[in-house]
Amino acid sequence: MNAVAEGLTALLSLEVATSMLIGLFLGLLVGAFPGVTATMAVALAAGFTLTMDPVPGLAVLLTIYVAANFGDRIPAILINTPGTPASIATTFDGYPMAKKGEAGLALTMSALVSALAILVSMVLFVVAAIPVATVARNYFRSPELFALVIFGLTVMIGVSSRSMLKGVLAGAFGLLLGTVGLYSATGDSRFTFGNINLAQDGFSFIAVIIGLFGVAELFDQMLTAHEHKVKPISSLGRWWPNRAEIRRSAKPFGIGAGVGTAVGLVPAAGGDIAGLIGWDRARRASTTGDTFGKGNIEGVVASDTASSATLGGSLTTTMALGIPGDSVMAVMIGSMLIWGLQPGPRLFTEQPDLLVSIAAIMVLATLISLVASLARLRGMVKLLDTPNHILWPTILIFCVVGTFATSNNVFTVGTMLLFGLIGLVFKRVGIPAGPVVLGLILGPIAEENLARTLVLSGNRSFFEVWSPISLGLLLMAVLSLLWPVLRSLLARRRGRTSPVDATSPTDHTSSSDAPSRKD
C-alpha cells in the first residue's frame, strides 16, 4: 500500500496538474488536425519534457496520448477524414450520421464510449500487468528477452504493410540504424564515419521519429496539396442519445471492448486495426448489419470502443515486458530510457509507485478529456477550417524547435530533416515507418541480449541455454512473418478475401502513422 500512496501523492502537485492541462490541450488539437498524429505529437513533446522530472513529463506525454484519442473523432465524423489512423473505422458510420443531421449524437456517443473503453482497458492493466511482469521477471533471461524483442519486431513487420518484403526492409533498415554509435558489449563506436555526433548515442530516436512520422507527412501534404473542398458539417442536431439508442449500443460496446483489449495486448497492433476488426465483428453480430456504413450508431460505438480499448493493453505490454504496444509507446520507452527508467519486469520491483502514478494519470486524463470533449465540441467546427498555409509552417517550426531542444545541436535538426525526406520516399513507395522506429529502439536491446546469450552458450548445451519459452517465441516470430503470406495464398485459392482483409488499414490510409487530408 505504500507504493499506492506514494504513487498517488506524486500527482498532488501544481506541476503535474499544469502538465496534464498542457497535454490535454495538445492532444485535442493533434487529434482534430488530420495529418498530425499522436506519435508525432508525443515525440515532439518529448523533446521539451526531457528536462522535467519523470512524473510531470509522463503526465504530458500520456495525456496527449489519451486526449488525441478523443480529438481524432471530430474530423472523422465532420469531414470524413480520420484525425489519426485509430479513427479510420469511425468514418464508416460517423460521417453518414453527420450527413443525416446526427453529427452531435455521433460526437457525443464517440466521446462517451471512448472514455468508458479506456477505463475498462485500465482495469486490464491493473489486473494483468503485475502477473505478466512477475512471469517475465522469474522466467525471462537474456535468451527469452532476445526472443521476445524479435517477436515484437516481427509482429510490427507483419501488420504494418500489405507487402511482407517492404515490411522486412523497413525493419532491417531500423535495425541497421540501431547499430550506429556505441556498442554496449565492447564499448566501441561503430558506423560513425568519423562523425563525433554519432560516436556516442548514434541517431537521435526523437529526430528519427519526428522526421519519419511528422516531417514526411508534412512534405507529402505540401507536394500533393489541393483545395480542401469538403466543408465541416455545421448542422450538428441533437447531442444526447435516448434510452433506445443506449440499449442498442450495449452489444457493440461489449464486442468492441473485447476486441480492443485483445488487440491491445499484441505488440505493435494499434487502434486502427482494432477499430476495423471491432466494426466488422459488430456488423456481423447486429440485427441491422445491413445498415452499417450508412449511418448506424452501432458502427460508431463498436469502432471507437475497440480502438480506445487498446490503450490499456498497449500500456500493459510496454510496462510489463518492455516491448512497445504501439508507435506512441515506442516513443514513451525512448523517453523513459533517457530519464534512466527501463520499462519491463524490473520496473515493478524497483519503482512500483511510478506505475501507480502512470495508471492514475491515464484515468485522470481520460476523465478530463471526456469533460473537455463534451464541453467544446461546437467550437471544433471552426478549428477544422484552419488553412494549410498557416498549419504547415506552424507544425514545421515546432518540429525544428522540439528536435533542437533534445540536444541543443543543429546536427539533430539536420537528422530530422534527412529522415523527413527518407520518410517521404518511404510513403511514396509504400514502405511502413513503424518497423523502422521499432528496429531503431529495440535493435540495441536485442543485440545486447543476444551477446549475453552467446556468452552463456560457450560451455553449455543448446537446450540448457535456449528454453522452451525462448524457442516458442522465436517460432511465433517466424509464424508472424509467414502468416500474411499463407493467408494471401489461402485467399487466392478460395477466390475471395476475408472481411478483415477487405477493411485493412492500408486500404484507408498510408502505411505510416499519419493519414493525410483528403476530399
TODO: Decide side-chain hydrogen bond (donor to acceptor under 3.5 Å, both in side chains) for Trp339 and Asp53; before the verdict, give the C-alpha distance in whole Å, the side-chain angles of both, and the deciding distance to 0.1 Å.
DONE: CA-CA 8 Å; Trp339 281 317; Asp53 291 332; over 6 Å; no
Open item on the list: Quick check: do Asp220 and Arg428 have side-chain heavy atoms less than 4.5 Å from each other?
Closed with: yes
Open item on the list: Just verifying a value: how many Å separate Leu24 CG and Ser369 OG, rounded to the nearest 0.5 Å?
Closed with: 5.0 Å
Open item on the list: Between Thr305 and Phe253 (side chain of the first, backbone of the second, donor and acceptor by atom type, cut-off under 3.5 Å), is there such a pair?
Closed with: no
TODO: Would you check if Gln342 and Glu350 make a side-chain contact, meaning some heavy-atom pair closer than 4.5 Å?
DONE: no
TODO: Classify the angle between the aromatic ring planes of Phe173 and Phe426 as parallel (below 30°), tilted (30 to 60°) or perpendicular (above 60°).
DONE: perpendicular
Task: Flag side-chain contact, heavy atom, 4.5 Å: Leu198 against Asn195 - done: yes
Task: Any donor-acceptor pair under 3.5 Å from Thr310 side chain to Ala306 backbone - done: no
Task: Thr91 side chain vs Ile88 backbone, donor-acceptor pair below 3.5 Å - done: yes
- [ ] Taking Thr412 for its side chain and Asn408 for its backbone only, find out whether a donor-acceptor pair lies under 3.5 Å.
- [x] no
TODO: Please round to the nearest 0.5 Å and tell me the distance separating atom CG of Leu442 and atom CD1 of Ile333.
DONE: 6.5 Å
- [ ] Going by the side chain to side chain contact (heavy atoms under 4.5 Å, CB included) test, name the single residue among Val113, Val301, Val300 that passes it with Pro252.
- [x] Val301
- [ ] State whether a side-chain donor-acceptor pair under 3.5 Å links Arg73 with Ser307.
- [x] yes
- [ ] State the CD1-OG1 distance between Ile209 and Thr403, to the nearest 0.5 angstrom.
- [x] 10.5 Å
Open item on the list: Donor-acceptor check, side chain of Ser13 to backbone of Val16, threshold 3.5 angstrom: yes or no?
Closed with: yes
Task: side chain to side chain contact (heavy atoms under 4.5 Å, CB included) evaluation trace for Leu424 with Leu223 - done: CA-CA 10 Å; Leu424 175 62; Leu223 293 175; 3.7 Å; yes
Task: Main-chain N/O of Glu245 paired with Ser249 side-chain donor or acceptor, under 3.5 Å - done: yes
Open item on the list: Contact between Leu276 and Phe92 at the side-chain level, heavy atoms closer than 4.5 Å - yes or no?
Closed with: yes
TODO: Enter the distance from Leu354:CG to Leu58:CG here, rounded to the nearest 0.5 Å.
DONE: 6.0 Å
Task: Any side-chain donor near an acceptor of the partner, Ser114 and Asp304, under 3.5 Å - done: no
Task: Main-chain N/O of Arg346 paired to Thr349 side chain as donor or acceptor, under 3.5 Å - done: yes
Task: Interatomic spacing from OG1 in Thr366 to CG in Leu311 - rounded to 0.5 Å - done: 7.5 Å
Open item on the list: A side-chain contact here means heavy atoms from C-beta on lying under 4.5 Å apart; do Tyr95 and Ile77 qualify?
Closed with: no
Task: Ser357 side chain to Gly7 backbone, donor-acceptor under 3.5 Å - done: yes
- [ ] Could you check if a side-chain atom of Leu61 sits within less than 4.5 angstrom of a side-chain atom of Ser335, using non-hydrogen atoms only?
- [x] yes
- [ ] Take Thr261 and Leu265 through the side chain to side chain contact (heavy atoms under 4.5 Å, CB included) test and state the conclusion after the steps.
- [x] CA-CA 7 Å; Thr261 52; Leu265 287 170; 6.0 Å; no
Task: Test item: Cys399 and Met416 side chains (from C-beta on) under 4.5 Å apart, heavy atoms - done: yes
Open item on the list: A side-chain contact here means heavy atoms from C-beta on lying under 4.5 Å apart; do Asp93 and Ile297 qualify?
Closed with: no
TODO: Mark yes when over 12 heavy atoms from residues, nucleotides or ligands other than Leu418 sit less than 6.0 Å from its CG; otherwise mark no.
DONE: yes
